[in-house]
Amino acid sequence: MNYQTILDEIYDEIQPELMRGKVADYIPALAEVEKGQFAMTVTLKDGQVFSVGDTKKEFSIQSISKVFTFTLALDIYSKELYKRVGVEPSGNPFNSLVQLEYENGIPRNPFINAGAITITDTLISHYKDEYKTLEVIMNFIREISGNPQLSFDPIVARSEMEHGDRNLALARLMKSFGNFDNDVIATVMTYFKHCAITMNTEELSRSMLFLAFGGTDPITKKKFITPAQAKRVNAVMLTCGHYDASGEFAFHVGLPAKSGVGGGIAATVPGKMSIAVWSPGLNKYGNSHAGTLALEKFTTKTGLSIF
Ligand code: GLU
């Protein structure tokens, strides 16, 4: 299949959609990102890369980072992790407090904010302090993305903390139920820092490759998690990766994928490739409008969906 031709076609077809949607503005530092930008990259098992658009442009990966922290926590805690966080779609907005209250402080899944903050909490418990935890997260993402220089944007992280009352409330609520071990502020700050990691689509696509290949990077041959664990991470991406539009995303695109409010979406085609797309205009669910459409076009044109 000629992936470059397919990406070029998608790039042309997607142009009328790029100004649609709304850039995330509840994090003031993200509100400054210009709409109308688009990039898409496909990475194959043998390292071949196909790209279109602004593929060198760095963006805030936001919630996509939750895939990486979930992977790290699963590797450490295995099934024990599910005592702290579930694996069911929430059907609620990603920052809902109500569901957490009536479900006794156990977040539905690792990709809603409460779940991801819990995952960060488990990592801090394991690594003993938040600085070491952030270093482990950063080094892991540097390794899988192939960019040892990767870092987070401190302005975005600080901006999130300044407007982070709801996330702090989620953490405090979990603490009141006994589902939280570490200092709330330090843990939520670590969470904001990993959300503020910046990557371009080439790095992001590369970083998802191990998940498309059963937990082992097919290029470096390094094993990060077991095939059974990679199956779980992909399953949670499919069922919970797009906030309360996860069902719709599976229906239209049909791939395990995770989106972030920075406009990025990272997807796997298990056994075949990883894909990253970025376009900052978001639909009403907080998923990239053009990014979702581009992935739908990709699976339609190639027939590469898991269904
Ligand atoms: N750091 C963001 C928050 O906690 C993540 C949002 C997202 O991408 O879903 O609100």
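Note that ligands are numbered from 1 as they come in the structure, with each ligand's atoms numbered from 1 the same way. Position 1 is the first residue of the sequence, and the numbers go up from there.
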- Message: Taking Glu160 first and then Lys193, would you say they form a salt bridge - that is, a charged N and a carboxylate O separated by under 4.0 Å?
- Response: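 Judged by the 4.0 Å cut-off on N to carboxylate O distance, Glu160 and Lys193 do not form a salt bridge.
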
- Between Arg206 and Asp217, is there a salt bridge with N-O shorter than 4.0 Å?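 Yes, Asp217 and Arg206 are salt-bridged.
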
Below 4.0 angstrom from a heavy atom of [X], which ligand 1 atoms are there? Numbered from 1 as shown, please.
X: Val261; value: 6 (C), 7 (C), 8 (O), 9 (O)
X: Gly260; value: 8 (O)
X: Asn167; value: 3 (C), 4 (O), 10 (O)
X: Tyr26; value: 2 (C), 3 (C), 5 (C), 6 (C), 10 (O)
X: Glu160; value: 1 (N), 2 (C), 3 (C), 4 (O), 10 (O)
X: Tyr191; value: 1 (N), 2 (C), 3 (C), 4 (O), 5 (C)
X: Asn113; value: 3 (C), 4 (O), 10 (O)
X: Tyr243; value: 7 (C), 8 (O), 9 (O)

- So among Ile144, Ile141, Ile61, Thr198, which one has a side chain to side chain contact (heavy atoms under 4.5 Å, CB included) with Leu150?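 Among the candidates, only Ile141 passes.
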
Residues 292-299, side-chain donor-acceptor partners within the protein, below 3.5 Å, at least two apart:
unit_1: Thr292; atom_1: OG1; unit_2: Ser288; atom_2: O; d: 2.6
unit_1: Glu296; atom_1: OE2; unit_2: His252; atom_2: ND1; d: 3.4
unit_1: Lys297; atom_1: NZ; unit_2: Glu13; atom_2: OE1; d: 3.2
unit_1: Thr299; atom_1: OG1; unit_2: Val253; atom_2: O; d: 3.1
unit_1: Thr299; atom_1: OG1; unit_2: Leu295; atom_2: O; d: 3.3
unit_1: Thr299; atom_1: OG1; unit_2: Glu296; atom_2: O; d: 3.2

- Item | Selection from Ser60, Gly286, Ser63 by shortest heavy-atom distance to atom 9 (O) of ligand 1 |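 Looking at heavy atoms only, the winner is Ser63.
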
- Message: Please enumerate all residues that pass ring pair (Phe, Tyr, Trp, His ring centres under 6.0 Å) together with Phe249, with sequence neighbours excluded.
- Response: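 So Phe249 forms a ring pair (Phe, Tyr, Trp, His ring centres under 6.0 Å) with His242.
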
- What about the rings of Phe224 and Phe210, do their centers lie closer together than 6.0 Å?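 Yes, they do, as the ring centres are separated by less than 6.0 Å.
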
- Query: Tyr243 ring centre to Lys66 NZ or CZ under 6.0 Å, with the angle to the axis within 45°?
  - Reply: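 The answer is no, since Lys66 fails at least one limit relative to Tyr243.
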
- Query: For ligand 1, is there an N or O atom under 3.5 Å from any N or O atom of Cys195?
  - Reply: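 N/O-N/O distance under 3.5 Å: no.
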
